[in-house]
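In what follows, chains carry the letters A, B, and so on, assigned in the order in which the sequence lines appear, proteins first and then strands, with residues in each chain numbered from 1. Note that the coordinates shown come from a computational prediction; the quantities given were computed from them, not determined experimentally. The figures here come from the full heavy-atom set of this structure, side chains too, leaving out hydrogens, waters and symmetry mates.
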Amino acid sequence: MKRIKELTNGIFTENPIFVLMLGLCPTLAVSTETINGIGMGIAATFVLLCSNIIISSIKNYIPDKIRIPCYIIIIATFVTVTDLTLKAYTPALYKKMGLFIKLIVVNCIILGRAEAFASRKSVFDSILDAIGMGLGFTIALTLISVIRDILGNGAINLSLNLGDKTIGTVYYIKNMNPMIIMIMPPGAFICIGVLMGLYNKLKEKKC
Amino acid sequence: MDKLLNHAPHMKHKDNISSIMLDVNIALLIAVIPSYLFFGPKILLIIAVSIGSAVLSELIFQLITKREITALDGSAFLTGLLVAYNMPPTIPLYVPIIGSIFAIIIVKQLFGGLGNNILNPALAGRLFVMFAWLPLMTTWVIPQIPEYIKQILPFMPDSLVTSATDAVSSATPLATVKLQGMQELIKCYGSKQNLYFSMLIGFRSGCLGETSTLFLLIGGIYLLIKRIITFEIPITYILTAGILGFVFGKDGLFTGDFLFQIMSGGLILGAFFMATDMVTSPLTRKGMIIFGIGCGFFTFILRKFSGYPEGVSFSILIMNSLTPLIDKYTMPKPFGFVGKKENK
């Protein structure tokens, strides 16, 4: 039971975007289309999972005073793997997300969870925490992306270009004059602000 | 009994939120007259829809969040009316609806309701829809002059169609001067006196509430007489924008057109009705003067150097966000205040 609690912790009670408010920079920048949100969430989850496993395994051998640079090296390795994989297999998505894949290195979620969780708990607990946080991040990011996509583009973009072929389609909303501000930075802040307020209100009611 | 804080005797003043809002709304509604004459009856629909969605959204929000219902006290009416006044006459109806809903729910209610908002709701709503639908918000039409007016004022031009504009769309006087120069604008109207007179009564393209200087001034003077607003903000705002525009004119120093600068765009509407909003402007006289000068300064900068047609909305919102800082530094000292350095 305690194990399942750790998993759902990252999705509901300590959702990294709406409650912990970590990693807002890539959230705001990348969430202009639905597929971007899903892609970023999966990339961050992969990095979080792998780095949590490694950090948790070697936590007893890292000297306390230099732990942050060590974590960064480990995280950077996996970010490079993700970066090159995305560049090779989904070049269109990679170009759209631009710099933000590389910026997963300094995404506070990953460093924060490494510092607060993986360096203290066992490997299995760290895996559960990483999956929970990653899922929470992806769900929240996808939610924001869907809203901004619908309002700002008049469509839900679920098409992924894999170089030679494209899977999925873009679903357009008929007869809608899209609100361009929603895919601009002010729209991102407004969207996240309103959603954060609603989320915390629901959480407070449930407790 | 729960509202009395002091001991008798009491003196009661007849002002409350509803009466103040009623006066402001009456003063503003005077400017519908020239707008209706020159732009047609469709503007009445825009105004009605905007006010309706503002009042309804406030009512629904207060019902859902179980707060005190204040939707009918006139402040939502005022916000809806100001949002409508900032719309061009050809706007499709969903734009003022979304603008009003955003202004009331997000800018006003989510910050704490009347008295707690930082930014002027109507202006923030207007900017929201401007960036949402920029092409819709920047298409203007040429006003049509009705026959009976033409008979009273025969020197007015028949219409403002020139080689640079076509019969349907047009540019505001500010945009025309910026892109093509003052001479082109004067050619449209016939003579400089015609231009000034037309701007005074509202015969120019622009948003449906900002065109008529004269009717807006009547409303503003009504508010000044009734002591609902004080003269500091409007006078300093208008004078600063005008003087800066005059000094740094297009052809060199001191060649600007003072009257044109103060009558064009939404300056009179903004200075009398939006910058003076008591919630979002400073409390003290010194603070109000700083506020007015700041607004005028930013309006001048944006009109001169930016690509946007109008600087009034941005400058008022910038000064709104600086109001807490201005209040902090212009706080009046209590009587007999010496300072904290007394104890040894």
Side-chain angles (χ1 to χ4, degrees), chain A residues 15 17-19 21 24 27-34 36-37 140 143-157 170-207, chain B residues 49 53 57 60-67 83 86-88 90-113 116-121 123-139 307-308 313-314 317-318 320-321:
Chain A
N15 187 296
I17 292 183
F18 292 134
V19 179
M21 292 201 238
L24 286 181
T27 308
L28 293 169
V30 144
S31 53
T32 51
E33 284 173 14
T34 318
N36 288 4
L143 180 65
I144 298 172
S145 304
V146 165
I147 294 178
R148 285 181 74 193
D149 209 2
I150 293 179
L151 289 177
N153 289 318
I156 299 182
N157 186 342
V170 186
Y171 299 96
Y172 289 101
I173 301 182
K174 278 200 173 100
N175 297 330
M176 178 175 165
N177 192 353
M179 305 164 73
I180 310 289
I181 192 176
M182 294 311 284
I183 51 178
M184 286 172 18
F189 280 103
I190 294 171
C191 192
I192 283 194
V194 172
L195 279 178
M196 214 183 267
L198 281 172
Y199 186 91
N200 284 311
K201 177 85 190 180
L202 285 173
K203 200 167 80 118
E204 158 191 304
K205 222 184 253 188
K206 226 162 110 180
C207 288
Chain B
V49 156
S53 40
S57 53
I60 292 175
F61 183 86
Q62 286 173 332
L63 280 171
I64 292 179
T65 54
K66 301 192 178 56
R67 296 188 188 180
V83 168
N86 278 306
M87 301 278 133
T90 51
I91 203 85
L93 288 178
Y94 58 85
V95 178
I97 292 178
I98 303 260
S100 294
I101 293 177
F102 179 82
I104 292 287
I105 293 189
I106 297 190
V107 188
K108 186 176 155 198
Q109 290 301 333
L110 285 184
F111 276 82
N116 295 316
N117 44 301
I118 308 176
L119 302 176
N120 188 315
L123 277 179
R126 185 251 178 143
L127 281 187
F128 180 76
V129 291
M130 184 162 101
F131 288 113
W133 293 293
L134 190 64
L136 290 179
M137 287 288 287
T138 49
T139 46
Y308 290 107
S313 330
F314 295 109
L317 285 181
I318 292 176
N320 279 158
S321 40

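Inspection of non-hydrogen atoms places A:Asn177, A:Pro178, A:Met179, A:Ile180, A:Ile181, A:Met182 of residues 176-183 of chain A under 4.5 Å from chain B. Within residues 148-157 of chain A, no residue has any heavy atom under 4.5 Å from a heavy atom of chain B. Residues of residues 187-199 of chain A lying under 4.5 angstrom from chain B, judged on non-hydrogen atoms, are A:Ile190, A:Val194 in numerical order.
Proximity to chain A (any heavy atom under 4.5 Å) is shown, for B:Phe128, by both the backbone and the side chain. If you measure heavy-atom distances from B:Leu134 to chain A, you find no contacts under 4.5 Å at all.
Residues B:Ile98 and B:Trp133 have side chains in contact (heavy-atom distance under 4.5 Å, counting atoms from C-beta outward). Within the 4.5 Å cutoff, the side chain of B:Ile91 has heavy atoms near those of the B:Pro96 side chain. For the pair A:Glu33/A:Ser145, no side-chain contact is recorded, criterion being any heavy-atom separation below 4.5 Å from C-beta on. Counting heavy atoms from C-beta on, the side chains of B:Phe61 and B:Arg67 come closer than 4.5 Å. B:Asn86 has its side chain within reach of B:Leu123: a pair of non-hydrogen atoms, C-beta onward, lies under 4.5 Å apart.
Annotation: the span from B:Gln62 atom CD to B:Gln109 atom CD amounts to 4.5 Å, rounded to 0.5 Å. To the nearest 0.5 Å, atoms CD1 (B:Ile104) and CD1 (B:Ile106) are separated by 11.5 Å. Note that CG of B:Leu110 and CZ of B:Phe102 are 9.5 Å apart. Values are rounded to the nearest 0.5 Å.
Ring geometry, B:Phe131 versus B:Phe314: the interplanar angle falls from 30° to 60°, so the pair is classed tilted.
B:Leu127 and B:Leu317 get closest at one heavy-atom pair: CD1-CD1, 3.3 Å. Closest approach of A:Thr32 and A:Ala29 over heavy atoms only: CG2-O, 4.2 Å.
Counting only distance, with no hydrogens or angles, the side chain of B:Thr139 and the backbone of B:Leu136 share a donor-acceptor pair below 3.5 Å.
Legend: residues meeting side chain to side chain donor-acceptor pair (under 3.5 Å) with B:Ser313, ordered by chain and number and at least two apart, are B:Arg126.
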> Is there a side-chain contact (heavy atoms from CB on, under 4.5 Å) between A:Lys205 and A:Leu202 once you walk through the steps?
Replying inline: CA-CA 5 Å; A:Lys205 222 184 253 188; A:Leu202 285 173; 5.5 Å; no

